[in-house]
Amino acid sequence: MDKFRMVFQHFQSSSESVMNGICLLLAVVTVKLYSSFDFNCPCLARYNALYGLGLLLAPPLALFLCGLLANRQSVVMVEEWRRPAGHRRKDPGIIRYMCSSVLQRALAAPLVWILLALLDGKCFVCAFSNSVDPEKFLDFANMTPSQVQFFLAKVPCKEDELVRNSPARKAVSRYLRCLSQAIGWSVTLLLIIAAFLARCLRPCFDQTGFLQRRYWSNYVDLEQKLFDETCCEHARDFAHRCVLHFFASMQSELQARGLHRDNAGRSPEPPAVPEPPEVLDSGSGKAHLRAISSREQVDRLLSTWYSRKPPLDLAASPGLCGGGLSHRAPTFALGTRLSQHTDV
């Protein structure tokens, strides 16, 4: 049980492990979808190629888009590419590394579908049955060109009466199926060789730039995740403070109007003076709310984070983070919280 908990925590804390798991899940779903799919070629000269190529390319495109949607780093990459420079410069190497990582994971499921379709051969036979050269087969010598095209369109439908027991249909189908499997195995071999070379030749090059891009791409992902968590915590604390302030003001108003009396007719209790925000915050440990007291300040805080992200220098002046949001505090403490979170 402890080992299972450790593995679960590892997958929870590592974005790359989660993305690899999603990639593997999409690949398994692809195999299941293809095995359960009922392939029915229309066996018409005008629609065979459209149907066959559509099944060969349209599902991989949908799986590729699903892979992009499931990968959280795709959104982080676009945000990093589109954000203003502000106090932090943008590194194109990080964006390229994230783009390559996203594409590698998103292309896994489409490649599995295409390889399965090529090795199975049904889509290829349906798409290219009308493109076969009749001169390669002796059985078409006594047919007119129109009869040849009509016969080739019926090749994928082996149960059709016209081609059910025809040796020419078996020859064309066998030829196209062998060609499809040859292309599929060639693509598989090329992918394996490319992965092998990338794995073996990577240590031969300088690893400094690769390690830096990997580190900062993980940093950007974790920073955005921690910022979202901190924003949720800050919104909860701010809402809690607003609710308490509302009930305190309502109690003061009721006591001022003399409506807060007990059954014995005693005089109303003296109105309770709400404690100042500094006392509330210091007592509850929510010191990051001392500089936040209105919606405009929260909006300015979020706008500052997006337009002028703080520099990656913890020794720099904290005033660069946003110039402060209130005259009552030298700087807003949320920036300090974020610095503590992002010290990775």
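Residue Phe247 places its CZ atom among 12 or fewer non-hydrogen atoms of other residues, nucleotides or ligands, all under 6.0 Å distant. Around NZ of Lys90, the count of heavy atoms belonging to other residues, nucleotides or ligands within 6.0 Å exceeds 12. Summarising the local packing, OH of Tyr34 is surrounded by more than 12 heavy atoms from other residues, nucleotides or ligands at distances under 6.0 Å. Other residues, nucleotides and ligands contribute over 12 non-hydrogen atoms within 6.0 Å of the CZ atom of Phe137.
Side-chain atoms of Asn218 come within 3.5 Å of backbone N or O of Arg214 as a donor-acceptor pair. A donor-acceptor pair is defined here as one N or O able to donate and one able to accept, closer than 3.5 Å; such a pair exists between the side chain of Ser180 and the backbone of Leu118. Within the 3.5 Å criterion, the main-chain N or O of Val102 finds no donor-acceptor partner in the side chain of Gln73. Side-chain atoms of Ser35 come within 3.5 Å of backbone atoms of Val31 as a donor-acceptor pair (strictly under, hydrogens ignored). For the pair Arg88 (side chain) and Pro310 (backbone), a donor-acceptor distance under 3.5 Å is present. With hydrogens and angles disregarded, a donor-acceptor distance shorter than 3.5 Å links the side chain of Asn48 to the backbone of Ala153. Judged by distance alone, the side chain of Ser173 and the main-chain N or O of Arg169 form no donor-acceptor pair under 3.5 Å. In terms of modelled atom types and a separation under 3.5 Å, the side chain of Asn71 and the main chain of Gly67 share no donor-acceptor contact.
Between the CG atom in Leu69 and the CG atom in Leu65 there is a gap of 6.5 Å [rounded to 0.5 Å]. Atom CD of Glu79 and atom OG of Ser74 lie 9.5 Å apart (nearest 0.5 Å). Annotation: the span from Cys123 atom SG to Ile114 atom CD1 amounts to 10.5 Å, rounded to 0.5 Å. Atoms OG and CE, from Ser217 and Met98 in turn, are 6.0 Å apart once rounded to the nearest 0.5 Å. For the atom pair OG1 of Thr304 and NE2 of His87, the computed distance is 8.5 Å after rounding to the nearest 0.5 Å. Taking SG of Cys232 as the start and CG of Asp228 as the end, the distance is 6.5 Å to the nearest 0.5 Å.
Heavy atoms only, all atoms of each residue included: Pro110 and Ala106 are closest at CD-O, 3.1 Å. Considering all non-hydrogen atoms of both residues, Leu176 and Ser129 come closest at CD1-CA, 3.6 Å. The two atoms that bring Gly54 and Pro59 nearest to each other are O-CD, 3.3 Å, heavy atoms only. When all heavy atoms are compared, the tightest approach of Leu56 to Trp113 is O-CD1, 4.1 Å. Closest heavy-atom contact between Val148 and Met143: CG2-CB, 3.6 Å.
For the cysteine pair Cys41 and Cys157, the distance separating the two SG atoms is not below 2.5 Å.
Here Glu80 pairs with Arg83 in a salt bridge; the nearest charged N to carboxylate O distance falls below 4.0 Å. Using a cutoff of 4.0 Å between basic side-chain nitrogens and carboxylate oxygens, Lys154 and Glu159 are not scored as salt-bridged.
Put simply, the side chain of Asp160 does not reach to within 4.5 Å of the side chain of Lys158, judged on heavy atoms. Between Glu233 and Glu229 there is no side-chain heavy-atom pair separated by less than 4.5 Å. Within the 4.5 Å cutoff, the side chain of Ile94 has no heavy atoms near those of the Trp81 side chain. Leu53 has its side chain within reach of Phe128: a pair of non-hydrogen atoms, C-beta onward, lies under 4.5 Å apart. Contact check for Val155 versus Leu152: side-chain heavy atoms found under the 4.5 Å cut-off. Between Thr208 and Gln212, some side-chain heavy-atom pair lies under the 4.5 Å cut-off.
In this pair, Phe39 and Tyr51 present their aromatic rings tilted. The plane angle is within the 30 to 60° band. Taking the six-membered ring where the residue is Trp, Trp216 and Tyr219 present perpendicular rings, their angle passing 60° and hence far from 30°.
Residues Leu57 and Val112 are members of separate hydrophobic clusters, defined by side-chain heavy-atom contacts under 4.5 angstrom among Ile, Leu, Val, Met, Phe, Trp and Tyr. Under the 4.5 Å side-chain contact rule for hydrophobic residues, Ile95 and Val220 share a cluster. Under the 4.5 Å side-chain heavy-atom criterion for Ile, Leu, Val, Met, Phe, Trp and Tyr, Leu63 and Leu68 are members of distinct hydrophobic clusters.
Judged purely by distance below 3.5 Å, without hydrogens or angles, the side chains of Ser101 and Arg105 pair a donor atom with an acceptor atom.
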Exercise. For Arg82 and Val78, run side chain to side chain contact (heavy atoms under 4.5 Å, CB included): C-alpha distance rounded to whole Å, both residues' side-chain angles, the deciding distance at 0.1 Å, then the answer.
Key: CA-CA 6 Å; Arg82 293 292 301 170; Val78 175; 4.2 Å; yes
Note to self: Working note: Lys136 + Tyr175, criterion side chain to side chain contact (heavy atoms under 4.5 Å, CB included); need CA distance, chi angles, decisive distance, verdict.
What the structure shows: CA-CA 10 Å; Lys136 295 181 179 180; Tyr175 169 76; 3.1 Å; yes
### Query
For Phe37 and Leu55, what are the C-alpha separation, side-chain angles and deciding distance, and is it a side chain to side chain contact (heavy atoms under 4.5 Å, CB included)?
CA-CA 10 Å; Phe37 180 75; Leu55 283 182; 3.6 Å; yes
Intermediate values then yes/no, side chain to side chain contact (heavy atoms under 4.5 Å, CB included), Leu302 and Cys231:
CA-CA 9 Å; Leu302 299 176; Cys231 282; 4.0 Å; yes
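Cation-pi geometry between Arg202 and Phe210 is satisfied (NZ or CZ under 6.0 Å from the ring centre, within 45° of the ring normal).
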Under 3.5 Å, side-chain donor or acceptor atoms of residues 185-197 against the rest of the protein: list the pairs with distances, not counting sequence neighbours.
residue : atom : partner : partner atom : Å
Ser186  : OG   : Ala182  : O            : 2.7
Thr188  : OG1  : Gly184  : O            : 2.8

